Amino acid sequence: MEAFLHQVLSGLATGGIYAIVALALVMIYQATHLVNFAQGEMAMFSTYLAWTMIDAGVPYWPAFAATVALSFVLGIAIERIVIRPVEKAPVLAVVIVFIGLLVILNSVAGWIYTYTIKSFPSPFPTHRILGGYVSAHELGVMAVTMGVLVLLFVFFRFTPLGLAMRAAAQNPVSSRLVGIRVGWMLALGWGLAAAVGAVAGMMVAPIVFLDPNMMAGILLYGFAAALLGGIDNPAGAVFGGFVVGVLENLAGAYLVGTELKLTVALVLIVGVLVMRPSGLFGRVLVTRV
Amino acid sequence: MTPILEARGLTAGYGPSPVLHSLDFAVPAGGVTTILGANGAGKTTTLRAVSGLIRATGEVRLAGERIDRLAAEDVARRGVAHVPDGRGTFVALSVEENLRLGAYTRRDPGGVARDMERVYGLFPVLAERRRQQAGTLSGGEQQMLAISRALMLRPSLLLLDEPSFGLAPLIVREIFRIMRTVNESEGVAILLVEQNASLALGLASRAYLLETGRVVVAGSAAELGANDAIRRSYLGY
Ligand SMILES: Nc1ncnc2c1ncn2[C@@H]1O[C@H](COP(=O)(O)OP(=O)(O)OP(=O)(O)O)[C@@H](O)[C@H]1O
Ligand SMILES: [Mg+2]
């Protein structure tokens, strides 16, 4: 029972990370109706930026903040420079661009930092607390996740800019007619997704260690989470993230073993796509206009 | 007095061959102009060309200043509020959020709050439904919301695309009555595009008849109302 509880709690901690990745995917999906396959590599790259700063002696939290800010700017730059030119291109062309971005970020990271695995510090102590059920890092991750989720919620729900971003994703033409600069809202969406992804990368790196391929599995779990909750539904994606985190841990412990845990994500992805493509809470997309 | 809107040689379309062929028309300051025409005549295209949603050649002047090279978001920022065909509702957002978006470019929170109450006064049904998802409103309510959203911009010119489309006569009369109030008491000029000629001519002072992208008759609303061809084809008496 204790072991079970521990699996659930640490599942919730990694689930928070999946929730953040899923949210980043949803943000870009809502605006473009496409899944950003490069989301994971963007987060990985951000994490290397943080590592560089920390390695150079910058204290953890200032490095964290600087990484988030830098990732935000990089996300905007990627949208302006790489995505904007293919805005009106066929879906497949854009997907190829996403994959190209993935490969480029991965290779550049490998070229700069090599493919040797690096350890990445956690800002939280590693000892177990709460009677051993959960490590301080896991608890810290949960707190950071919650902080990010609350901030995003407040931003999108209560600020004029957040409202404008939702409007631009939903109805670009009407948005232009009320004076919203839709192109910039998209860029801002990429910036936010990159910033949020950076947080996920920095939170997961102490667990999976830092290497250019560290986000491959995480992205898959995040994608499964987003699909499960409904890829157009931010709240659903967050819920999906926690569910996937717990399922993954339980399946790893009791069903398939840790080596085959990733199959849980694949099974979920295929299962959702076959049985309920709109996810648990998603709207059914009847037409693509 | 300079007209609030003046188009000269307006030519626009969606591909290589234009839909509109060198249109000339104007909306007097504080006045109401209507453009009539059958399905496919180019009414919607005309409004899109004015508001910058599609590229056009020719000149469009707003209170004397060229706006024909501006992007739609900049035309809106100059005070032109376009209520598009199909109403352009943000269906997943609440009624109130739709209205707040209408005032997105304004930087006077106090004025925005007052205008919000003002449009709720004009359309009390929207006040009752302010927290409701806009997509769940009836067609008539969505048209009221679309007009209200446009008014939240505090426009100097309102572009209305067939506000009567698909609505019951009673609702249509109500909406036109409020359009008249807005025009008369606040001096908001209106460019109204309609198939319902008798309604439109009742509100407008100037009128144009569009056929396959060309202005074929232009004059005062009274003149067009008395024109035999128009009476036969568009007024049905
Ligand atoms: N998005 C578009 N792409 C290509 N052609 C279009 C588009 N919208 C309209 N057209 C064409 O332009 C012409 C004028 O259309 P428009 O919508 O302006 O007519 P309308 O007078 O508004 O008609 P209705 O009364 O049916 O709304 C039509 O021949 C139409 O097929
Ligand atoms: Mg039309």
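In what follows, chains carry the letters A, B, and so on, assigned in the order in which the sequence lines appear, proteins first and then strands, with residues in each chain numbered from 1. Not measured: the values here are computed from a predicted model.
The shortest non-hydrogen separation linking B:Val91 to A:Gln170 is N-OE1, 3.6 Å. Nearest heavy atoms, A:Pro160 versus B:Tyr104: O-CE1, 4.1 Å. For the pair A:Ser174 and B:Arg149, the tightest heavy-atom approach, listed with the atom from each and the gap, is OG-NH2, 4.2 Å. When all heavy atoms of B:Phe90 and A:Ala167 are compared, the closest pair comes out as CE2-CB, 3.6 Å. B:Ala76 and A:Gly179 get closest at one heavy-atom pair: CB-N, 3.8 Å. Closest of all the heavy-atom pairs between B:Ser51 and A:Leu177 is OG-CD2, 4.0 Å.
Atom CZ of A:Phe239 has 12 or fewer neighbouring heavy atoms from other residues, nucleotides or ligands inside a 6.0 Å radius. Heavy atoms from other residues, nucleotides or ligands lying under 6.0 Å from CZ of B:Phe165 number 12 at most. A 6.0 Å sphere centred on CZ of B:Arg66 holds more than 12 heavy atoms belonging to other residues, nucleotides or ligands. The environment of B:Arg130 atom CZ is dense: over 12 non-hydrogen atoms of other residues, nucleotides or ligands sit within 6.0 angstrom. No more than 12 heavy atoms of other residues, nucleotides or ligands lie within 6.0 Å of CD in B:Glu65, so this atom counts as exposed by the packing criterion.
Residue B:Ala72 touches chain A through both its backbone and its side chain, counting heavy-atom pairs closer than 4.5 Å.
In terms of non-hydrogen atom pairs under 4.5 Å with chain A, the most contact-rich of B:Val83, B:Leu153, B:Leu101 is B:Leu101. Most heavy-atom pairs under 4.5 Å with chain B, from the set A:Val173, A:Val182, A:Val178, A:Leu161: that is A:Val178.
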Side chain to side chain contact (heavy atoms under 4.5 Å, CB included) evaluation trace for A:Arg176 with B:His82: CA-CA 10 Å; A:Arg176 297 183 65 198; B:His82 181 172; over 6 Å; no

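Residue A:Arg166 holds its CZ atom at 5.5 Å from CG of B:Leu93, rounded to the nearest 0.5 Å.
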